[in-house]
> 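Can you keep this structure in mind? I'll have questions shortly.
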Amino acid sequence: MTKKKIVLLDGNSLAYRAFFALPLLTNDQGIHTNAVYGFTMMLQNILEEEKPTHMLVAWDAGKTTFRHKTFEEYKGGRQKTPSELSEQFPYLRKMLKAYNIPQYELDQYEADDIIGTLSHQGDKEDYEVVVISGDKDLTQLTTDRTTVFITRRGITDTEKYTPDHVVEKYGIQPHQIIDMKGLMGDSSDNIPGVPGVGEKTALKLLKEYGSIEEIYASLDKITAKRLNENLTKYEETAYMSRDLATIVVDAPITISIDDLSYSGPNMDELINIYQELKFNTLLEKLGGTPIEEKQEDVEVTTVTEIDESLLSNEMALHIEMMDENYLRANIEGVSLTDDSRTLYLPFEVVQKSDTFQTWLKDDTKKKLCTDSKAARASLARHGIDVNGIDFDLLLGSYIVNPSTSSTDVASIAKQFGYTNVQQDETVYGKGARKALPESDVLAEHAGRKALAVWHLRTTIEEQLKENEQFDLYHELELPLALILGKMESTGVATDKEALAKIGTELSARITDLETLIYDIAGEKFNINSPKQLGVILFEKIGLTPIKKTKTGYSTAADVLEKLASEHEIISHILLYRQLAKLNSTYIEGLLKEIHEDGKIHTRFQQALTTTGRLSSINPNLQNIPVRLEEGRKIRAAFVPSEEGWSLFAADYSQIELRVLAHMSEDEKLIQAFKDNADIHRSTAADVFGVDVDEVTAEMRDAAKAVNFGIIYGISDYGLSQNLNITRKEAAQFIDTYLASFPGVKQYMDDIVQTAKEQGYVTTLLNRRRYLPEIKSSNFNLRSFAERTAMNTPIQGSAADIIKQAMIDMDARLEKEGLQARMLLQVHDELIFETPEEEIEILEKIVPEVMEAAIALNVPLKVESSHGKSWYDMK
DNA sequence: CGTCTCACG
DNA sequence: ACGTACGTGAGACGC
């Protein structure tokens with residue numbers, strides 16, 4: 001006979017856990033689903049891992065319980081359940097019903113008591129019992145047959161309490177946990193306990209005396225004066241607190257454990273609920289399918305010859321490629337529509353059609369597309385020009401809401417209520433099974449995308465106009481796409497041999513370090529594995545772990561630096577890490593990305609970041625090392641593409657702080673920039689109350705960190721981590737800073753308030769970011785949204801400024817008839833390649849254009865440099 | 001595929 | 001009491 005196993009779940013506690021662990025998800029009806037989703041994930045996990053024969057979810061019943069008769073204020077002072085959570089309870093119950101999992105609640109009793117009673121029964125009747133909750137109180141139920149799982153961070157991760165684990169963790173037996181609670185109380189349940197007694201004292205007392213009774217019997221042996229006084233004074237409270245914390249094991253339940261057998265869900269019902277809640281991943285796991293949006297039929301004609309009569313003055317087009325990297329991908333074909341007819345042109349047809357290519361090039365023929373940069377850059381590789389692009393779905397939807405990270409036409413379209421197009425993944429498959437479909441399927445897919453673009457234009461443009469963002473979209477992002485496309489196609493010449501040579505030297509040093517580290521450790525292990533490294537450092541060598549991660553010991557650099565004086569191995573590991581990173585990411589990684597033309601062609605993602613910045617991928621050229629000399633040498637491999645040319649760079653000095661000065665209108669900050677002061681030094685002088693020339697290097701460093709903190713939406717904890725000082729000292733710094741810059745303080749308060757009122761924040765050019773979580777009752781989510789409200793206008797406005805500068809710069813280069821080309825943007829810096837004879841002109845016009853991009857009430861300052869490689873720029 | 005670590009602004 | 005600095009991308013590991 002198979003052993004009987006019952007799983008008992010604390011419904012309210014787990015729902016709370018799931019709710020707070022996950023961001024607020026909603027289904028298409030606007031109903032919040034995060035608690036149901038989290039609960040379901042947890043349930044799914046438990047079913048798979050524990051394979052129970054019996055199950056129950058216990059719920060708290062109503063407001064009052066028998067405990068309130070003992071102590072009126074029991075669970076007093078609790079925040080009431082957020083409505084976003086309470087609205088989810090009916091769905092939770094429905095979901096559990098579909099699982100065929102019994103649910104039970106009992107008037108005057110809490111879920112704990114139901115669980116306690118049943119686990120007690122199960123224990124006696126030879127069941128294996130598993131109790132699952134987010135509340136550590138339940139660990140008192142632990143026995144040889146009852147294991148208590150307490151959720152850890154996240155939702156599916158649990159800590160498993162067996163009697164051994166309780167002893168190991170607390171040094172007391174499970175039955176003593178109620179004595180511990182009695183002594184220390186529980187603030188979340190408003191159980192008082194004995195004042196001045198926390199977990200540590202409670203455990204110490206119990207280890208020595210065993211129980212509250214024994215403690216009071218030996219009260220005269222407790223010599224600590226305050227403790228003795230408090231114990232004496234609060235004896236009654238201690239006993240009452242223990243009673244409150246004691247879970248009932250004989251509640252008058254009307255069910256019996258044998259009624260709770262579990263034999264699996266009702267699949268149809270479950271699929272229905274998942275569909276209603278839009279739990280698509282869970283649906284697929286069950287073998288169900290998400291509700292297919294009905295796709296209207298479309299007629300897509302594949303053409304082999306283009307006639308002018310097929311082309312009109314305004315059409316949507318889509319360049320179909322299987323690989324998302326349009327700088328390398330094969331073009332399969334081009335779809336075209338003006339809604340009267342939809343065409344698909346296999347790429348061979350495009351290539352040999354002068355008629356079509358002339359149409360593409362004609363500026364007066366307007367084109368609508370998604371990702372105009374990809375369209376232009378991919379065709380440019382085949383010498384085909386596209387002009388007259390007047391709508392870009394990707395950019396438009398990004399400006400409407402930068403937080404929705406979809407790039408696929410189908411997902412974008414769906415956000416705007418258009419469902420007549422399929423996901424790329426549906427058509428091509430994913431992972432190893434990704435492949436080209438039949439040509440008619442491909443033609444239809446590409447045709448549907450063009451149709452989606454055509455139909456969404458009005459919707460999106462109207463919304464942009466309504467939000468006063470049409471200019472940002474049409475005069476900034478759209479022209480910028482063209483410029484970025486040119487930069488990507490131009491690429492950056494890379495000296496392969498130089499990279500390889502640095503790589504050889506690095507490899508040799510890495511091998512030496514490996515040998516040395518193995519030698520010191522006394523064994524071989526994988527230094528790149530944080531897990532293995534943790535075992536060596538904290539178990540074998542016995543260093544003290546400073547920080548933990550979800551999965552074990554943290555071995556991050558800041559942790560290792562604190563341990564450096566403890567053991568010689570640390571410095572070698574830090575160096576190894578540094579060199580290994582350089583070798584794998586920057587030597588091997590970059591070598592793989594050099595195209596046949598000897599250049600690296602990064603792609604700038606223009607519709608990705610939530611703040612309006614660009615990002616750079618395949619490879620990322622915005623994070624090439626610079627801070628440490630070892631890494632900085634990598635930059636020597638980036639060179640001009642032509643003989644007699646140089647690289648030229650220009651960067652904004654302190655652009656984000658200048659934006660802050662402008663937006664906050666803080667007089668002192670504005671004056672400092674008008675005086676062209678060293679801003680960190682002048683901040684230090686203010687914060688430390690000394691003269692500018694009395695500021696020490698340490699004071700300047702601290703002020704610099706505070707300045708960064710202000711930009712990031714400061715918190716005392718964050719600053720304390722950064723400066724390696726106590727939280728209190730950090731808080732003091734911040735107070736002094738804000739007192740010294742009252743305009744900044746006012747701005748920070750105002751922006752958070754504005755975000756709460758209107759639901760979003762904006763930048764100089766009216767870029768928006770929505771912050772729904774700023775109203776969350778979850779402290780973490782809310783705090784994060786508040787910091788974002790402070791940071792996004794600053795970071796985003798700086799992004800606006802450099803984007804405008806790029807557009808102006810491109811026009812200026814053209815106007816001056818210069819050969820110099822823009823190659824890269826690194827957030828506050830532009831990099832060009834240029835014939836040497838143009839350097840002098842660039843030194844004049846680049847700062848001029850960048851400084852004039854957008855007028856602020858402080859001057860913008862740009863510094864430039866040039867050299868024979870990215871390393872040599874001075 | 002998620003986690004950790006680390007490179008940049 | 002909570003558990004954090006803001007914004008990114010990539011490589012290695014280990015399930």
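Chain letters run A, B, ... following the sequence lines, proteins first and then strands; every chain starts at 1. In this text the structure is predicted, and so the values were computed from the model without any measurement.
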> Given C/dT8, is OP1 or OP2 found less than 4.0 Å from the side-chain N or O atoms of A/Arg613?
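So the side-chain polar atoms of A/Arg613 never come under 4.0 Å of the phosphate oxygens OP1 or OP2 of C/dT8.
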> Within this structure, what is the CD-to-C1' distance between A/Glu773 and C/dT4, rounded to whole angstrom?
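Computing the A/Glu773:CD to C/dT4:C1' distance gives 14 Å.
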> Does the base of C/dA12 carry an N or O that pairs as donor and acceptor with the side chain of A/Asn528 under 3.5 Å?
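When only heavy-atom distances are counted, A/Asn528 does not reach the base of C/dA12 through any donor-acceptor pair under 3.5 Å.
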> For C/dC2, which nucleotide is its Watson-Crick or G-U wobble mate, given both distances must be under 3.5 Å?
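Across all strands, not a single nucleotide pairs with C/dC2.
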> In terms of side-chain heavy atoms of A/Phe784, which of C/dC6, C/dT8, C/dC2 is nearest?
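When the side chain of A/Phe784 is considered, C/dC6 is the closest of C/dC6, C/dT8, C/dC2.
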> Nearest-nucleotide wise, let me know which of A/His827 and A/Arg727 is further upstream toward the 5' end of DNA chain C.
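Closest to the 5' end, via its nearest nucleotide, is A/Arg727.
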> On a whole-Å scale, what distance lies between the P atoms belonging to C/dT4 and B/dT3?
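C/dT4 and B/dT3 have their P atoms separated by 13 Å.
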> Under 4.0 Å, heavy atoms only, any strand: does A/Ala557 hit a base, just the sugar-phosphate, or nothing?
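Sugar-phosphate: the residue A/Ala557, judged by heavy atoms under 4.0 Å, touches backbone atoms but no base.
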> Distance check, P atoms only: B/dC4 and C/dA5, in whole angstrom units.
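Those two atoms are separated by 13 Å.
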> Think A/Ser554 has a side-chain N or O under 4.0 angstrom from the OP1 or OP2 of B/dC4?
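Looking at the OP1 and OP2 atoms of B/dC4, neither is under 4.0 Å from any side-chain N or O of A/Ser554.
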> How long is the straight-line distance from OG of A/Ser869 back to CD1 of A/Ile634, given to the nearest 0.5 Å?
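Going from CD1 on A/Ile634 over to OG on A/Ser869, the span is 12.0 Å.
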> In plain terms, say whether A/Asp137 and A/Lys181 are close enough for a salt bridge, that is, a side-chain N and a carboxylate O under 4.0 Å apart.
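Result for this pair is yes, salt bridge flagged.
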> Examine B/dC4: is either OP1 or OP2 under 4.0 Å from a nitrogen or oxygen in the side chain of A/Ser529? Give yes or no.
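No, A/Ser529 has no side-chain N/O under 4.0 Å of OP1/OP2 on B/dC4.
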> Any side-chain N or O of A/Ser783 less than 4.0 Å from the OP1 or OP2 oxygen of C/dG3?
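For A/Ser783, the contact criterion (side-chain N or O under 4.0 Å from OP1 or OP2 of C/dG3) is not met.
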> Suppose you measure atom P in C/dG3 against the same atom in B/dC6; what distance do you get, rounded to whole Å?
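About 23 Å, rounded to a whole number of Å.
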> Can you tell which of C/dG7, C/dA10, B/dG9 lies closest to the side chain of A/Arg769?
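Selected nucleotide (nearest to the side chain): C/dG7.
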> Any N or O donor-acceptor pair linking the side chain of A/Gln795 to the base of C/dC6 at under 3.5 Å?
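Donor-acceptor pair under 3.5 Å: yes.
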> Is the shortest side-chain N/O distance from A/Gln578 to OP1 or OP2 of B/dT5 below 4.0 Å?
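The answer is no; no side-chain N or O of A/Gln578 sits under 4.0 Å from OP1 or OP2.
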> For C/dT4, does the base pair up with any side-chain atom of A/Arg782 as donor and acceptor (N or O, under 3.5 Å, distance only)?
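Result: no qualifying N/O pair found.
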> Looking for any heavy atom pair under 4.0 Å, which part of the strands does A/Thr610 touch: base, sugar-phosphate only, or nothing?
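Since only primed, P, OP1 and OP2 atoms lie under 4.0 Å of A/Thr610, the category is sugar-phosphate.
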> Ring centres within less than 5.5 Å and planes less than 30° apart: is that true of A/Tyr712 and C/dC6 in this structure?
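Base of C/dC6: stacked against A/Tyr712.
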> Of the options B/dC6, B/dC8, C/dT4, whose atoms approach the side-chain atoms of A/Pro625 most closely?
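Closest nucleotide to the A/Pro625 side chain: B/dC8.
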> Would you say A/Ser715 places a side-chain N or O within less than 4.0 Å of OP1 or OP2 belonging to C/dT4?
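So the side-chain polar atoms of A/Ser715 never come under 4.0 Å of the phosphate oxygens OP1 or OP2 of C/dT4.
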> Report, as yes or no, whether the 6.0 Å neighbourhood of atom NZ on A/Lys540 holds more than 12 heavy atoms from other residues, nucleotides or ligands.
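It does: A/Lys540 NZ has more than 12 such atoms within range.
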> Between A/Glu324 and A/Lys434, is the closest basic N to carboxylate O distance under 4.0 Å?
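Looking at A/Glu324 together with A/Lys434, the answer is no, because their closest N to O distance does not fall below 4.0 Å.
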> Are A/Ser615 and C/dG9 close enough that a side-chain N or O sits under 4.0 Å from OP1 or OP2?
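Checking A/Ser615 against C/dG9: at least one side-chain N or O falls below 4.0 Å of OP1 or OP2.
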> Go through C/dT8, B/dC8, C/dG3 for me and flag the one nearest to the A/Phe779 side chain.
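Minimum distance to the A/Phe779 side chain belongs to C/dG3.
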> Contact between A/Leu824 and A/Phe638 at the side-chain level, heavy atoms closer than 4.5 Å - yes or no?
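No - every pair of side-chain heavy atoms lies 4.5 Å or more apart.
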> Any base atoms under 4.0 Å from A/Asn623, or only sugar-phosphate, or nothing? Heavy atoms, all strands.
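Base, at least one base heavy atom under 4.0 Å.
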> Got a second to check how far A/Thr555's OG1 is from A/Leu537's CG, nearest 0.5 Å?
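If I round to the nearest 0.5 Å, the distance is 7.5 Å.
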> We want to know whether A/Glu477 and A/Tyr398 form a side-chain donor-acceptor pair, criterion being a heavy-atom distance below 3.5 angstrom.
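On atom types as modelled, these side chains do not qualify, holding no pair under 3.5 Å.
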> Measure distances between side-chain N and O atoms of A/Arg577 and base N and O atoms of B/dT5, and say whether any donor-acceptor pair falls under 3.5 Å.
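No pair found.
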> Regarding A/Gly709, tell me which of base, sugar-phosphate or nothing describes its non-hydrogen contacts under 4.0 Å with the strands shown.
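If one applies the 4.0 Å heavy-atom cut-off, A/Gly709 turns out to touch a base.
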> Using a 4.0 Å heavy-atom cut-off across all strands, classify A/Ile624 as base, sugar-phosphate, or nothing.
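Sugar-phosphate, backbone atoms only, no base.
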> Is it the case that the base of B/dC6 and the side chain of A/Lys581 share a donor-acceptor contact (distance under 3.5 Å, atom types as modelled)?
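Result: at least one qualifying N/O pair found.
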